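To keep things clear, I will list the structure first and then write my remarks on it.
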Amino acid sequence: MYNRLRQSGESLAYVSVTLIHHAWKQLQVGLIVLALGGLSACAASDAQSVKSGSVGKRPVPVVAATVSRKTVPLLVQATGTVQAYATVAVKSQIAGQLTGVYFQEGQTVQQGDLLFTIDSRPLAAALEQAIANRAKAIAGVSQARAALAQAQAQVSQAQATVARDVAQVNNANAQAQRYASLLGSGAVSQEQADQFRTAAEAQQAVVVADRSQVGSALAAVDSAKANLQNAQAAVRGADAAIDSAKVQLSYASISAPSAGRLGKLNVNQGNLVKENDTTPLVTISQIQPIYVEFSIPQSQLPELRKYQAQGQLRVEAKSPNDASQLDRGELVFVDSGVDPTTGTIKLRASFANAATRLTPGQFVNIVLKLTEEPAALVVPAAAVQAGQQGQFIYVIQSDQTVKAQPVTVGRTIANQTVIKSGVRTGDRVVVDGQFNLTPGATVQEKPRKESAQPSLQEG
């Protein structure tokens, strides 16, 4: 009996423990369900509160900015390549041994600076030979002038002889006529009359011969004049040869034809160089001033032409790394046609490059300023939001609630956007924190960090 009671007691104890364990598990489940229900209710309450705009009791922290009027430039932006203003390939104009190099590779030189010297001894000898030939030609001129003077004297002598013999002919003719008349009166014999007639005829033949001598003397004068002209031409030829020799000798020293930066030296001192060789001795790149070439879409060409007709267009070159300004210049060239393969047109700007911050081959960002729009309404670009009904801006009301204001947007420059309509000067607009906003929400402004971007001009 005792054993039955003991067994019965153990069964009751086991049942009691089991019931207590089951009850404890039910209590834990109930507590968990109750906690989850409470959280759901809180979440639903918060969601309902946000949906109904009742977060005025919890202001949403935002960053705000003021709508202002500023002068907004109309800009065209592109990527350009820096090009040398001029590139000169320095070559030798004579053949010879390179005897001197007077620069360092990459050095900046001025126009006229000595770069190379070439062995000048053969050229100096050629110049001396040309000078000697000129002296010989000058002596030939002197001889030709003497021969001309002699020929001219012979002409004068022949002409005097002719004059003398002509006078004798006239006298002989007079004697012959007188004796002919005396023969008719019988005062002289026929023989005497014939003698004077024959003498007159002989004297006439002498005059003819004298005149032939004059012709020969004149021909000799013409020949002497021709010889003098040839001698004078020889002098001029000798002068030209001297000038040519001097020019050739000047080629032995090669100076910089223009200012610029030197490239790689292609021929070292001591080597033989050829006349006008295909490989230059060195190349000079003129970089002050310097060009930047860039392209813009053909759609921007009408505006470019419009504002180009109103005056010179200014251009800025900026670093692609940190957007710092490298130099300012002006537009100097617009290509005559559009590239059909890319639909772009090529432009070129000129920069003084006084600080030599632009280097040929360098890539830079180009900002071409077409015109300016004064007193334009601008807001930070981050303030403009896109919605189903279009673009809008959260405007902060006097009671620190926000209103979703539809706006018409213009262009964006330097992280600031032009607003055509929808806001007014002085309006406070949200630029950061819009994700947590709904129309009518209460906001609390936080300090705004200043942007490092360049600002537009105040209107």
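Since we're looking at a predicted model, the values are computed, not measured.
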Validation row: Ser285, Thr87 side chains within 4.5 angstrom (heavy atoms): yes
Residue pairs passing the ring pair (Phe, Tyr, Trp, His ring centres under 6.0 Å) test where at least one lies in residues 151-175, sequence neighbours excluded: none
Set of side chain to side chain contact (heavy atoms under 4.5 Å, CB included) partners for Gln362, sequence neighbours left out: Val82, Leu326, Leu358, Thr359, Val364
Test item: side-chain donor near acceptor, Ser319 and Asp322, under 3.5 Å: yes
Flag, side chain of Asp327 to backbone of Ala317, donor-acceptor distance under 3.5 Å: no
Result block: side-chain N/O donor-acceptor pairs under 3.5 angstrom for residues 135-144, not counting sequence neighbours:
| from | atom 1 | to | atom 2 | distance (Å) |
| --- | --- | --- | --- | --- |
| Ser142 | OG | Ile138 | O | 3.4 |

Step-by-step side chain to side chain contact (heavy atoms under 4.5 Å, CB included) determination, Glu445 to Arg428: CA-CA 10 Å; Glu445 294 187 27; Arg428 296 288 291 173; 2.6 Å; yes
Sequence neighbours left out, cut at 3.5 Å: what donor-acceptor pairs do the side chains of residues 419-426 make with other protein atoms?
| from | atom 1 | to | atom 2 | distance (Å) |
| --- | --- | --- | --- | --- |
| Ser421 | OG | Thr408 | OG1 | 3.0 |
| Thr425 | OG1 | Arg69 | NE | 3.3 |

Flag side-chain contact, heavy atom, 4.5 Å: Leu313 against Leu368: yes
Criterion side chain to side chain contact (heavy atoms under 4.5 Å, CB included) on Leu370 and Leu75, from CA distance to verdict: CA-CA 6 Å; Leu370 300 181; Leu75 305 177; over 6 Å; no
Heavy atoms of other groups near Phe363 CZ, more than 12 under 6.0 Å: no
Enclosure of Arg164 CZ (heavy-atom neighbours >12, cutoff 6.0 Å): yes
Contacts table for residues 120-132: side-chain donor-acceptor under 3.5 angstrom, sequence neighbours left out:
| from | atom 1 | to | atom 2 | distance (Å) |
| --- | --- | --- | --- | --- |
| Arg121 | NE | Asp119 | OD1 | 3.1 |
| Arg121 | NH2 | Asp119 | OD2 | 3.1 |
| Gln129 | NE2 | Asn133 | OD1 | 3.2 |

More than 12 heavy atoms of other groups within 6.0 Å of Tyr102 OH: yes
Residues forming a side-chain hydrogen bond (donor to acceptor under 3.5 Å, both in side chains) with Tyr251, sequence neighbours excluded: none
Listed once per pair and sorted, the side chain to side chain donor-acceptor pair (under 3.5 Å) pairs that draw on residues 216-230, sequence neighbours left out: none
Thr417 vs Thr412, side-chain hydrogen bond (donor to acceptor under 3.5 Å, both in side chains): CA-CA, chis, key distance, verdict: CA-CA 4 Å; Thr417 299; Thr412 298; 2.9 Å; yes
List, one per line, each side-chain donor-acceptor pair under 3.5 Å for residues 239-250, sequence neighbours excluded.
| from | atom 1 | to | atom 2 | distance (Å) |
| --- | --- | --- | --- | --- |
| Asp239 | OD1 | Arg134 | NE | 2.1 |
| Ser250 | OG | Val247 | O | 2.5 |

Per-pair distances, 0.1 Å, donor-acceptor, side chain in residues 254-277, under 3.5 Å, sequence neighbours excluded:
| from | atom 1 | to | atom 2 | distance (Å) |
| --- | --- | --- | --- | --- |
| Asn266 | ND2 | Pro280 | O | 2.8 |
| Gln269 | NE2 | Thr99 | O | 2.9 |
| Asn271 | ND2 | Asn268 | O | 3.2 |

Worked check of side chain to side chain contact (heavy atoms under 4.5 Å, CB included) between Thr344 and Val338: CA-CA 6 Å; Thr344 60; Val338 175; 5.8 Å; no
Sequence neighbours excluded, every pair satisfying salt bridge (Lys or Arg N to Asp or Glu O under 4.0 Å) that has a member inside residues 390-415: Glu373-Arg411
Within 6.0 angstrom of Lys91 NZ, more than 12 heavy atoms from elsewhere: yes
Set of ring-ring contact (aromatic ring centres under 6.0 Å, His included) partners for Phe116, sequence neighbours left out: Phe103
Name each donor-acceptor pair under 3.5 Å that joins a side chain in residues 379-397 to protein atoms two or more places apart or in another chain, with its distance.
| from | atom 1 | to | atom 2 | distance (Å) |
| --- | --- | --- | --- | --- |
| Gln385 | NE2 | Ala382 | O | 3.1 |
| Tyr394 | OH | Leu437 | O | 3.4 |
| Gln397 | NE2 | Val395 | O | 3.4 |

